[in-house]
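So the structure is just underneath, and the comments pick up after that.
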Amino acid sequence: MSTSVTAGMPDAGASVGRGTSPSAAQGTGSADAGATTARGGTGAAGARRRRAWKNPGSNAAALLVALVVAFPLYWMVLSALRPQAAIDAGDASLFTTDLTLDSFVRVLTVNDFGRFFLNSLVVALAVVVLSTICAFLASVALTRYRFRSRTTLLVIVLIAQMVPIEALTIPLFFLFRNMGASVPAIGLNQLGSLVLVHLAFSIPFAIWMLRGFVAAVPVELEEAARIDGAKSFRFVRSILFPLVFPGVVAVSVFSFISTWNDFLFAKTFIISAQENQTLPLAILTFFKDDQNDWGAIMAGSVIMTVPVLIFFVLVQRHLVSGLAGAVKG
């Protein structure tokens, strides 16, 4: 046994003598590990590329869907920049270098166009803020508290989303006409009527979406907050609201788009007060009996799209997680 150990010692010494110092050996190991990590990262990227190429059908379908979605937007912008003479001549080419801003000039020079734009913005922002606050508080009450008729209220919220808007337009017209006699701010020809009617349709949808987000927050988290001395309002404001904020962003996007693009209610309730008309009604002026000004119509549509795009850019970081949470909820 001793002979074996003694014989092994020179070999170990020779190995150490032939090798580098311990620090150098450690550095070499680190370099090898780094190289391995780099190769692993490159391999992961390559694996993702290989997986992408293994599904050409899925990629082609995704590209086709993207083209179908993007083409109307491209055609809208192209028609807005196309000269009026080319539009009247029926030019339907998919690309042209003969571009002009004359259609945008005609839209922006419409009387009170800035006022129309401001009216739409005020109504949309008011609906987003009020519907978000009401829906968030209602979803907390319906999810965290037990009370009589709770299930009945949830059913009513669900049924409210099933009623066609067109079926309620005429009854709402007579309702606001009668209410205007007592409360002029929410009568016909008033922006308050638009805010109120959009709140009535936005809040049920927002409650149903936010209910899933609130229910996903563990009850143990609320219990821990209460043990730490947090009251109900403090828990809702400091803990619950930040956790469900992606859902708040998602419902605010839907509320903003539905209100911003509204034409039916604006045309029904704003009858004669031109100063309270919204942007879709301003674009309506370019639809004429003899010939429609399609260049101005497309230019106005582009202008209407810009605030929606800006809103998406501001909230896109939270929107994806909010939609994913809505699906899970």
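Basis for what follows: all heavy atoms, side chains included, without hydrogens, waters or symmetry-related copies.
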query: Which pair of heavy atoms, one from Met209 and one from Ala250, lies closest together, and at what distance?
result: CE-CB, 4.2 Å

message: Is there a path of hydrophobic side-chain contacts, each under 4.5 Å between heavy atoms, that joins Met76 and Leu94?
response: yes

message: A side-chain contact here means heavy atoms from C-beta on lying under 4.5 Å apart; do Val217 and Arg144 qualify?
response: yes

- request: Please round to the nearest 0.5 Å and tell me the distance separating atom CG of Leu130 and atom NE2 of His198.
  value: 13.0 Å

- request: Could you pull out the closest heavy-atom pair between Val302 and Ala80, with the gap in Å?
  value: CG2-CB, 4.1 Å

message: Could you work out, with side chain to side chain donor-acceptor pair (under 3.5 Å) as the rule, every residue matching Ser258, not counting sequence neighbours?
response: none

message: When you group the ILVMFWY residues by side-chain heavy-atom contacts below 4.5 Å and let the links chain together, are Ile297 and Trp75 in the same group?
response: yes

message: Which heavy atom of Ser255 sits nearest to which heavy atom of Ser202, and what is that distance?
response: OG-CB, 3.8 Å

- request: Please step through side-chain contact (heavy atoms from CB on, under 4.5 Å) for the pair Asn119 and Leu191, ending with a clear verdict.
  value: CA-CA 8 Å; Asn119 290 340; Leu191 294 179; 3.7 Å; yes

query: Taking atom CE of Met179 and atom CG of Leu188, what is their separation to the nearest 0.5 Å?
result: 10.5 Å

- prompt: From Ile87 CD1 over to Leu78 CG, what is the distance, rounded to the nearest 0.5 angstrom?
  reply: 9.0 Å

field: Nearest-0.5 Å distance that lies between atom CZ in Arg146 and atom OG1 in Thr151
entry: 9.0 Å

task: For Thr96 and Asp98, run side chain to side chain donor-acceptor pair (under 3.5 Å): C-alpha distance rounded to whole Å, both residues' side-chain angles, the deciding distance at 0.1 Å, then the answer.
output: CA-CA 6 Å; Thr96 180; Asp98 186 14; 5.5 Å; no

message: How long is the straight-line distance from CZ of Phe312 back to OG1 of Thr305, given to the nearest 0.5 Å?
response: 11.0 Å

query: Hey, mind stepping through Leu243 and Phe213 against side-chain contact (heavy atoms from CB on, under 4.5 Å) and telling me if it holds?
result: CA-CA 8 Å; Leu243 292 176; Phe213 287 92; over 6 Å; no

query: Between Arg237 and Pro242, which heavy-atom pair has the shortest distance, and what is it?
result: O-CD, 3.6 Å

- prompt: Aromatic rings Phe311 and Phe256: how do their planes relate, parallel, tilted or perpendicular, breaks at 30° and 60°?
  reply: parallel

statement: dist Phe201:CZ -> Leu196:CG (nearest 0.5 Å) comes out at 10.5 Å

message: Taking Phe233 as the starting point, is it possible to reach Val248 by hopping between hydrophobic residues whose side chains are less than 4.5 Å apart?
response: no

- line: Minimal heavy-atom distance between Val214 and Ser139, with the atoms involved, is CG2-OG, 3.7 Å

field: ILVMFWY cluster, Ile133 and Phe241 together (side-chain gap under 4.5 Å)
entry: yes

- request: Answer yes or no: is there an ion pair linking Lys288 with Asp293, defined by an N-O contact shorter than 4.0 Å?
  value: no

- prompt: Between Ser232 and Arg226, does any side-chain donor sit less than 3.5 Å from a side-chain acceptor?
  reply: yes

task: State whether the number of non-hydrogen atoms from other residues, nucleotides or ligands found under 6.0 Å of Leu309 atom CG is greater than 12.
output: yes

message: Testing the basics here: between Thr132 and Val128, what is the closest heavy-atom pair and its distance to 0.1 Å?
response: OG1-O, 2.5 Å

Working for side-chain contact (heavy atoms from CB on, under 4.5 Å), residues Leu154 and Arg211: CA-CA 10 Å; Leu154 288 174; Arg211 179 176 171 271; 3.7 Å; yes

message: Between Phe245 and Phe136 (judged by ring centroids, cut-off 6.0 Å), do the two rings come close enough to count as a pair?
response: no

task: Output, in order, the C-alpha distance, side-chain angles, deciding distance and verdict of ring pair (Phe, Tyr, Trp, His ring centres under 6.0 Å) for Phe173 and Phe265.
output: CA-CA 9 Å; Phe173 173 84; Phe265 290 134; over 10 Å; no

- request: Would you mind listing every salt bridge (charged side-chain N to carboxylate O under 4.0 Å, His left out) that reaches into residues 80-90, with sequence neighbours excluded?
  value: Arg82-Asp91

- request: Indicate, with yes or no, if the rings of Trp260 and Phe117 have centres closer together than 6.0 Å.
  value: yes

Within-4.5 Å side-chain heavy-atom neighbours: Leu108 and Ile303: yes

message: Please say yes or no: joined through hydrophobic side-chain contacts below 4.5 Å, possibly via intermediate residues, are Val69 and Leu73 part of one cluster?
response: no

query: Given the rule in the side-chain contact (heavy atoms from CB on, under 4.5 Å) test, do Gln190 and Phe176 qualify, once you have shown the distances and angles that lead to the verdict?
result: CA-CA 10 Å; Gln190 300 295 327; Phe176 284 117; over 6 Å; no

Output a table of donor-acceptor pairs, distance under 3.5 Å, between side-chain atoms of residues 266-283 and any protein atom two or more places apart or on a different chain; print 'none' if there are none.
| residue | atom | partner | partner atom | Å |
| --- | --- | --- | --- | --- |
| Thr268 | OG1 | Leu264 | O | 2.7 |
| Ser272 | OG | Asn189 | ND2 | 3.3 |
| Asn276 | ND2 | Asn189 | O | 2.8 |

message: Are Ile257 and Val308 packed together at the side-chain level, in the sense that at least one heavy-atom pair is separated by less than 4.5 angstrom?
response: yes

